[in-house]
**Student:** 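Input: one structure, supplied below.
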Amino acid sequence: PRQSDPAASSPRPSDRDSNSSSSKDELLARHLALLLDVIRSRRWSAFDKIALSNPSVFRVIYDAIVARDVEGGREGTTTTTTTTLLHACLRCDPPFAIVCKMVSMLPDRREALRAKDGRGRTPLHLAAACVADPMVTKLLGSADPTACEIADDDGRTPLHLACTASPLRDEDEKLTSPPRTTRDAPSYDVVRALLSESLAPSLVEDEDGMSALELAIMSDASIEIVSLLQKASMELLRERELIREREEEEERVRRHAMKKRPSPDGGGDDDDASTARVRRRRVAF
């Protein structure tokens with residue numbers, strides 16, 4: 001009988017590399033799934049040991065979740081995306097110590113704090129929407145104050161979400177355990193933490209034309225929150241009015257300096273005044 005060629009039956013190097021890569025991806029996927037399950041079940045001590053014990057391990061996990069999220073979004077296989085490990089954690093009300101440790105390990109803090117999920121929400125949006133520890137909100141806001149002014153796909157800033165009693169959209173509910181059907185009333189400390197970093201969102205209207213103040217009133221927020229939002233809006237309006245007056249004064253000074261500047265033909269103020277009189281006469285005529 002003919003003997004088979006051993007070389008023909010053995011896998012080619014390219015096949016071995018492909019199989020090895022595939023097995024590594026599957027192993028990574030299982031590990032990430034287990035980690036996300038730890039987060040959803042709020043086993044924060046286990047999460048600390050798995051993801052935060054070593055900065056290098058944290059970076060690998062962080063990059064892997066971002067990469068898988070981007071790939072899934074391109075393939076159209078995801079409806080609500082996690083985007084980053086920080087997003088995943090903030091949906092489940094992590095302790096301040098955990099968030100603080102994560103922020104200190106972020107490879108690019110500004111980029112991570114401005115990253116958006118499938119609904120256009122930053123980590124600060126989720127902290128405000130989930131009524132996280134006010135210290136968490138303050139930490140994220142102070143790390144990048146411009147994040148307070150970023151609007152999601154509904155035109156809402158983190159302040160808008162902090163002032164509404166509506167839970168996150170149904171698509172997001174499956175990411176938490178147990179699912180939220182209601183949420184706590186707006187938190188004074190969370191609203192104050194956001195306003196302490198930026199007053200600008202107090203006058204922003206979402207796609208439905210609602211301001212944070214109007215949402216707070218509709219959500220039966222406390223009178224302290226309503227008063228705080230009113231004061232923030234008035235303060236911002238005063239600041240904008242002062243800026244407008246200062247700009248107008250600077251423009252008047254500039255124009256006055258231009259009028260006093262000698263003309264190229266040697267004429268001075270008299271020529272300018274004469275030209276102005278002629279112009280006025282022409283208009284009157």
Side-chain angles (χ1 to χ4, degrees), residues 20-130 132-133 135-148 150 152-153 158 161 168 171-172 174-177 197:
S20 176
S21 177
S22 177
S23 61
K24 287 181 180 179
D25 289 343
E26 292 176 0
L27 181 62
L28 179 60
R30 287 199 296 269
H31 281 218
L32 292 180
L34 289 173
L35 180 62
L36 291 176
D37 184 62
V38 168
I39 294 172
R40 291 166 188 153
S41 59
R42 295 173 171 82
R43 288 179 282 160
W44 298 115
S45 58
F47 174 79
D48 190 7
K49 293 178 181 179
I50 297 171
L52 305 181
S53 58
N54 186 304
S56 298
V57 173
F58 173 80
R59 178 63 183 268
V60 170
I61 294 173
Y62 187 91
D63 290 345
I65 288 181
V66 172
R68 287 177 59 81
D69 180 77
V70 170
E71 181 181 356
R74 287 174 179 169
E75 295 175 355
T77 57
T78 57
T79 54
T80 300
T81 53
T82 298
T83 300
T84 70
L85 187 61
L86 192 55
H87 281 85
C89 289
L90 287 169
R91 292 180 185 277
C92 302
D93 192 20
F96 173 74
I98 292 291
V99 180
C100 190
K101 199 169 182 179
M102 291 180 68
V103 171
S104 68
M105 292 183 178
L106 289 173
D108 187 334
R109 183 177 302 180
R110 179 177 173 81
E111 180 181 351
L113 295 178
R114 296 172 67 87
K116 295 184 176 184
D117 66 5
R119 297 296 180 189
R121 299 182 182 125
T122 65
L124 188 56
H125 276 95
L126 298 183
C130 298
D133 184 338
M135 293 178 64
V136 170
T137 306
K138 181 68 176 177
L139 172 66
L140 298 176
S142 60
D144 183 9
T146 60
C148 298
I150 297 176
D152 64 10
D153 291 349
L161 298 185
L168 295 180
E171 293 90 340
D172 299 328
K174 60 188 177 183
L175 298 176
T176 60
S177 177
E197 299 302 330

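Along the sequence shown, residues are numbered consecutively beginning with 1. Just so you know, these numbers come straight off a predicted model, no measurement behind them. These values consider heavy atoms only, across backbone and side chains, with no hydrogens, waters or symmetry-generated copies.
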**Student:** As a quick check of understanding, evaluate side-chain contact (heavy atoms from CB on, under 4.5 Å) for Thr146 and Arg114, giving each step before the final call.
**Tutor:** CA-CA 9 Å; Thr146 60; Arg114 296 172 67 87; 2.7 Å; yes
**Student:** Which atoms form the tightest heavy-atom contact between Val38 and Ser41, and what is the distance?
**Tutor:**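 Smallest heavy-atom distance, with atoms named: O-OG, 3.1 Å.
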**Student:** If you apply the rule side-chain contact (heavy atoms from CB on, under 4.5 Å), what do you find for Leu139 with Cys100, and how did you get there?
**Tutor:** CA-CA 7 Å; Leu139 172 66; Cys100 190; 4.1 Å; yes
**Student:** For the residue pair Ile39 and Ala88, what are the closest heavy atoms and their distance?
**Tutor:** CG2-O, 3.5 Å
**Student:** Where is the tightest heavy-atom contact between Val136 and Pro94, given as atom of each residue plus distance?
**Tutor:** CG2-O, 4.3 Å
**Student:** To the nearest 0.5 Å, what is the distance between CG on Leu36 and NE2 on His31?
**Tutor:**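 Those atoms lie 13.0 Å apart.
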**Student:** To the closest 0.5 Å, what do you measure between CG (Asp152) and CG (Leu124)?
**Tutor:** 11.5 Å
**Student:** Measure the spacing between OG of Ser45 and CD1 of Ile98 and express it to the nearest 0.5 Å.
**Tutor:** 8.0 Å
**Student:** Work out which heavy atom in Pro158 is nearest to a heavy atom in Ala128; give both atom names and the distance.
**Tutor:** O-CB, 3.3 Å
**Student:** Taking the side chain as every heavy atom from C-beta outward, state whether Lys116 and Asp153 have any pair of such atoms under 4.5 Å apart.
**Tutor:** no
**Student:** If you take all heavy atoms of Phe58 and Pro107, which pair is closest and at what distance?
**Tutor:** CE2-CD, 4.5 Å
**Student:** Look at the side chain of Arg42 and the backbone N and O of Cys92, then say whether any donor-acceptor pair between them is shorter than 3.5 Å.
**Tutor:** yes
**Student:** For the residue pair Trp44 and Phe47, does the interplanar ring angle fall in the parallel (under 30°), tilted (30 to 60°) or perpendicular (over 60°) class?
**Tutor:** perpendicular
**Student:** Using modelled atom types only, decide if a donor and an acceptor are shared between the side chain of His87 and the backbone of Ala115 within a distance under 3.5 Å.
**Tutor:**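 Checking the backbone N and O of Ala115 against the side chain of His87, a donor-acceptor pair under 3.5 Å is found.
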**Student:** Pair Asp117, His125 - check side-chain contact (heavy atoms from CB on, under 4.5 Å), show working.
**Tutor:** CA-CA 10 Å; Asp117 66 5; His125 276 95; over 6 Å; no
**Student:** About how many Å separate CG of Leu126 and CZ of Arg91, when rounded to the nearest 0.5 Å?
**Tutor:** 5.0 Å
**Student:** To the nearest 0.5 Å, what is the distance between CG on Leu35 and CZ on Arg43?
**Tutor:** 10.0 Å
**Student:** Looking at Leu113 and Thr122, what are the two nearest heavy atoms and their distance?
**Tutor:**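 In terms of heavy atoms, the two residues are closest at O-CB, 3.6 Å.
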**Student:** At what distance, to the nearest 0.5 angstrom, does CD of Glu111 lie from CG of Asp144?
**Tutor:** 11.5 Å
**Student:** Walk me through it: do Thr84 and Ile65 pass the test side-chain contact (heavy atoms from CB on, under 4.5 Å)?
**Tutor:** CA-CA 6 Å; Thr84 70; Ile65 288 181; 5.8 Å; no
